[in-house]
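Chain letters run A, B, ... following the sequence lines, proteins first, then strands; residues in each count from 1.
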Amino acid sequence: MRARLPLVIVALASLGATFVLLPVVALFVRAPWNRLAGALSGVGASTALRLSIEVSLAATAISVAVGVPLAWVLARGEFPGRSLLRAAVVLPIVLPPVVGGVGLLVALGRSGVVGRWLHDALGIQLTFTTAGAVVATTFVSMPLVVLATEAGLRGLDLRYERAAAAMGGSAWYVFRRVTLPMVAPQLAAGAVLTWARALGEFGATITFAGNLAGRTQTMPLAVFEARQIDPGGAIVLSLILVVVSVSVLVALGGRLTGLR
Amino acid sequence: MRKTIAIATLLVAAGCSGTSSSGSAASSALTVFAASSLTAAFERIGSDFAAANPGITVTFNFGSSTDLASQIQSEGTADVFASASGTAMDAVASDPGVADRTDFATNRLVIVTPPDDPAGISSIADLAKPGVQLVLAAKGVPVGDYARQALTSAGLLSAAMQNVVSNEDDDASVVAKITSGEADAGIVYASDVATAGNTVRSVTIPTAVNVVASYPIAVVAGSPQTEAAMSFLNEVIGVTGQATLKDSGFGPAA
């Protein structure tokens, strides 16, 4: 027997759905369909899209590689300042990305606190490079996989890990063969959210890495620049981003977002 | 069911009345859309104007002239438009239309470098030296187009474009990349250098290849307060306005 939803809730939900969908629908309505091909080539869509995919995947890989261990430390570690560390890790979600970009600039820029040393001693410059775009994107999107994985770790039944350890498994073995498989769904959901956030990253990237086609100009930056020259092209680029994001999110569906 | 509709109607009504009341409240407030290069000068002119006209409050919206022009076309909320380019003003003049259009200032291009000049820039030709990290405003942004024009006149465009590491949204963003020491050189307006002070070093671009940008100002058609808009425009082209613009690095109208 299915309960009928109260009409008030349905009405408010419709309002919410309309609000979210309206801009996307408007993009489709206003897209210059009659000169789609021209608009596509004019704004360098394929270069920007390829760069966006590369940067977002690299940022996701780095986020998982260091974010999952970080989540483990936050979930299992017993040390003073742990809640402070968690707040710091979550900070990039709350901060305006441009603030993150400025922070990265004074930290890792050519004349930044650490960046000065990187530049003078090792000849490494991150600003205006694809690596810099990955750094900025990782900074903004990593907290999502950390939070999701930490929540997963906290929900685990510790007896499995204790049993594995009692049977002689080393800490590393238990983490790899017991803990990690058990948090895989949350980790995967977090990784998808991280990737989605990385694909949309704009503020930190343009502030820290600049905006150059083929090097640091990801899709959001290309949309931003196209507005100046070709508003129709900006709409086409936006639509591509919408289509790519929706396709991936729908394809992964409930399986990876943890909502079955 | 009836209750639901009542709530929905209430919500819609609340939304509508919110917009209309803010629209009518704007009758005593003047909205001026101005190119971001005018920020420092217009804020001073605005406070001088407010002091002389206690009945009128002036609100500024600074941004790239191209962006402002498209905002005016889609939203139509500006009473006065001061543009860094004739092109952006032309767009507004054709839709929704302008009145009393006049050029009120000029701006030259200059090269800016960090104070310690890491790449050794002493002329526009140095911008084409291999390895110089050059930052320009993007194509379509007036100062970005003017910079490309100057580089073309100097016969340096293709070599200099090899050195471009970032296309920024406006002149202020170009200056930011220079003051932070990330890039070696940028091309901005003389007025930007007046604002940035000693956080940047400037190198002049010879008159022969320099681009002199003319700044037009006009009352936007459909402004509900043409009179107040006109008196602001007069403040800008008047003696005090022109003196403020001169202090901010602008030249007189050509």
Side-chain angles (χ1 to χ4, degrees), chain A residues 5-16 18-19 26 30 42-44 98 101-102 104-112 115-116 119-120 125-129 132-133 202-203 205-217 221-222 224-234, chain B residues 1-12 15 63-71 73-74 85 87-88 91 114-116 118-119 131-145 161-170 173-174 176-184 186:
Chain A
L5 292 170
L7 274 168
V8 179
I9 292 184
V10 172
L12 289 174
S14 314
L15 200 64
T18 310
F19 175 63
R30 284 290 166 88
V43 288
V98 61
V102 171
L104 287 171
L105 211 51
V106 293
L108 297 174
R110 190 167 74 162
S111 40
R116 180 191 302 268
H119 182 258
D120 295 348
Q125 181 179 350
L126 288 171
T127 47
F128 310 127
T129 64
F202 170 76
T205 307
I206 200 166
T207 311
F208 179 65
N211 172 36
L212 190 70
R215 206 187 294 173
T216 57
Q217 189 183 72
L221 276 66
F224 192 62
E225 188 176 313
R227 289 172 320 142
Q228 302 279 358
I229 316 164
D230 178 9
Chain B
M1 183 67 184
R2 188 163 294 273
K3 214 172 198 173
T4 318
I5 293 167
I7 289 171
T9 317
L10 253 173
L11 282 170
V12 172
S64 128
S65 299
T66 325
D67 277 355
L68 295 176
S70 53
Q71 280 172 24
Q73 291 182 331
S74 61
S85 83
T87 325
D116 61 346
V132 172
Q133 300 194 25
L134 178 63
V135 175
L136 300 179
K139 260 191 217 170
V141 181
V143 66
D145 289 340
M161 291 316 282
Q162 298 292 316
N163 286 340
V164 171
V165 292
S166 187
N167 293 297
E168 298 291 323
D169 189 46
D170 56 19
S173 307
V174 175
K177 289 284 192 284
I178 300 299
T179 53
S180 66
E182 287 312 316
D184 298 325

Q) Any idea which heavy atoms bring B/Ser166 and A/Gly210 closest together, and the distance? A) OG-CA, 3.2 Å

Q) About how many Å separate CD of A/Gln125 and CD of B/Glu182, when rounded to the nearest 0.5 Å? A) 6.5 Å

(Q) If we ignore hydrogens and angles and just use 3.5 Å, is the side chain of A/Ser111 paired with the main-chain N or O of B/Ser180 as donor and acceptor? (A) yes

Q. Can you tell me how far the CG atom of B/Asp67 sits from the CZ atom of A/Phe224, to the nearest 0.5 Å?
A. 6.5 Å

Q: Heavy atoms only, distances under 4.5 angstrom: which of A/Thr129, A/Thr207, A/Thr127, A/Thr216 has the most pairs with chain B? Name it, please.
A: A/Thr127

Q. What are the two closest non-hydrogen atoms of A/Glu225 and B/Asn167, and how far apart are they?
A. OE1-CB, 3.8 Å

Q: Measure the CG-OG distance between A/Asn211 and B/Ser173 for me, rounded to the nearest 0.5 Å.
A: 10.0 Å

Q: Examine whether an atom of B/Ala183 lies under 4.5 Å from a heavy atom of chain A, and if so say whether it belongs to the side chain, the backbone or both; otherwise answer neither.
A: both

Q: Would you mind reporting whether A/Arg227 and B/Ser70 have side-chain heavy atoms less than 4.5 Å apart?
A: no

Q. In terms of heavy-atom proximity below 4.5 Å to chain A, should B/Lys139 be classed as side chain, backbone, both, or neither?
A. both

